[in-house]
Amino acid sequence: MNDLFLRVKGIVKKDDKYLVIKRWVDDRIPDPFVWEFFDGEVAHGEAPDMAVLRVIRDTISVEGAIEKIVYTWSQMIGDTQCVGLAYVCNIEADDAAFVLPEEFGGWEWITRDQFENYIENRYVLKDLEGVVL
């Protein structure tokens with residue numbers, strides 16, 4: 001069987017800072033949260049541009065706007081291929097307007113040189129090497 005799914009990543013940028021969110025992954029480990037950019041699966045029939053804006057809205061309850069697509073990726077997960085599009089987005093709202101769902105433990109604005117201190121997914125860090133955000 002050839003399974004394929006599409007994911008989007010939203011890298012929210014404001015001036016020279018980037019918004020990372022702390023997502024719950026597993027309460028059976030000492031630190032059950034991981035820092036990441038906005039990330040989600042594209043629903044069947046949904047346009048990727050609309051999906052990344054939905055993911056931002058569903059995560060922090062504010063509207064985003066797309067600036068550009070910055071990279072794509074593809075990886076195999078068992079028999080399934082995951083293809084992704086990474087967008088740089090912006091938001092007009094200030095932090096006071098953010099409302100996080102229960103599975104998120106917070107957010108922070110970080111500089112690009114802090115990515116390695118927050119983002120644990122080495123594939124994401126590798127993908128960002130040399131990319132102009």
Side-chain angles (χ1 to χ4, degrees):
M1 178 176 225
N2 294 326
D3 287 329
L4 173 76
F5 67 98
L6 180 61
R7 293 191 70 80
V8 289
K9 181 172 307 305
I11 302 170
V12 174
K13 181 179 180 181
K14 184 189 281 187
D15 301 319
D16 63 344
K17 299 255 179 143
Y18 302 88
L19 185 59
V20 290
I21 52 174
K22 198 174 200 181
R23 181 177 59 86
W24 175 85
V25 289
D26 190 338
D27 62 1
R28 296 171 291 175
I29 57 178
D31 187 0
F33 291 95
V34 296
W35 288 102
E36 62 182 17
F37 298 112
F38 296 84
D39 187 84
E41 192 167 335
V42 178
H44 180 73
E46 183 179 33
D49 289 4
M50 294 298 101
V52 73
L53 296 176
R54 172 186 48 80
V55 168
I56 293 169
R57 182 177 55 253
D58 289 352
T59 306
I60 58 173
S61 300
V62 300
E63 296 296 326
I66 295 170
E67 286 186 19
K68 61 185 174 180
I69 296 175
V70 288
Y71 69 90
T72 64
W73 76 91
S74 178
Q75 70 183 92
M76 294 300 296
I77 304 169
D79 292 352
T80 302
Q81 182 180 9
C82 173
V83 176
L85 301 167
Y87 295 80
V88 170
C89 300
N90 60 58
I91 54 174
E92 294 297 323
D94 62 22
D95 297 8
F98 296 178
V99 178
L100 286 175
E102 193 173 290
E103 67 266 24
F104 294 94
W107 69 84
E108 284 195 38
W109 290 98
I110 64 172
T111 60
R112 185 162 184 160
D113 61 349
Q114 293 176 298
F115 285 0
E116 287 191 23
N117 298 335
Y118 284 82
I119 305 300
E120 295 179 33
N121 186 329
R122 297 296 161 210
Y123 294 111
V124 171
L125 294 174
K126 180 88 171 128
D127 288 341
L128 287 167
E129 288 178 6
V131 171
V132 177
L133 297 176

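All figures in this text were calculated on a predicted structure; none of them were measured in a lab.
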Can you pull the salt bridge (charged side-chain N to carboxylate O under 4.0 Å, His left out) pairs that have at least one residue in [range], sequence neighbours excluded?
range: residues 82-104; value: none
range: residues 42-53; value: E46-R54
range: residues 123-133; value: K126-E129

Is [Y] close to [X] at the side-chain level, that is, under 4.5 Å between some pair of heavy atoms?
X: L133; Y: L128; answer: yes
X: T80; Y: L4; answer: no
X: W35; Y: N117; answer: no

Quick check on the hydrophobic clustering: are [X] and [Y] connected, directly or via other members, by side-chain heavy-atom contacts under 4.5 Å?
X: F104; Y: I60; answer: yes
X: L53; Y: L85; answer: yes
X: V88; Y: I56; answer: no
X: V83; Y: V124; answer: no
X: M50; Y: V12; answer: yes

Pairwise distance [atom1]([X]) to [atom2]([Y]) - rounded to 0.5 angstrom:
X: C82; Y: E41; atom1: SG; atom2: CD; answer: 8.0 Å
X: Y118; Y: I110; atom1: OH; atom2: CD1; answer: 6.5 Å
X: L19; Y: I91; atom1: CG; atom2: CD1; answer: 5.5 Å
X: R23; Y: T59; atom1: CZ; atom2: OG1; answer: 10.0 Å
X: W107; Y: L100; atom1: CH2; atom2: CG; answer: 5.5 Å

- Over 60° means perpendicular and under 30° means parallel, so classify the ring planes of F98 and W109, tilted if in between. tilted

- Item | Residue pairs, two or more places apart or on separate chains, that pass side-chain hydrogen bond (donor to acceptor under 3.5 Å, both in side chains) and touch residues 8-21 |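 For residues 8-21: K9-D39.
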
- Task: Determine, step by step, whether L125 and E116 satisfy the side-chain contact (heavy atoms from CB on, under 4.5 Å) criterion, reporting the C-alpha distance in whole Å, the side-chain angles of both residues, the deciding distance to 0.1 Å, and the verdict.
- Result: CA-CA 7 Å; L125 294 174; E116 287 191 23; 3.9 Å; yes

- Query: Using the benzene-type ring in the case of Trp, are the ring centres of F115 and F37 under 6.0 Å apart?
  - Reply: yes

- Which heavy atom of P48 sits nearest a heavy atom of V42, and at what distance? CA-CG2, 4.2 Å

- On a heavy-atom basis, the closest approach of R112 and V131 is NH1-O, 2.7 Å

Which side-chain N or O atoms in residues 66-76 pair as donor and acceptor under 3.5 Å with protein atoms at least two apart or in another chain?
unit_1: E67; atom_1: OE2; unit_2: N90; atom_2: ND2; d: 3.2
unit_1: K68; atom_1: NZ; unit_2: V132; atom_2: O; d: 3.4
unit_1: S74; atom_1: OG; unit_2: Q81; atom_2: NE2; d: 2.7

- Using links of under 4.5 Å between side-chain heavy atoms of ILVMFWY residues, direct or through other members, which residues join I77 in one cluster?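 Other cluster members: F5.
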
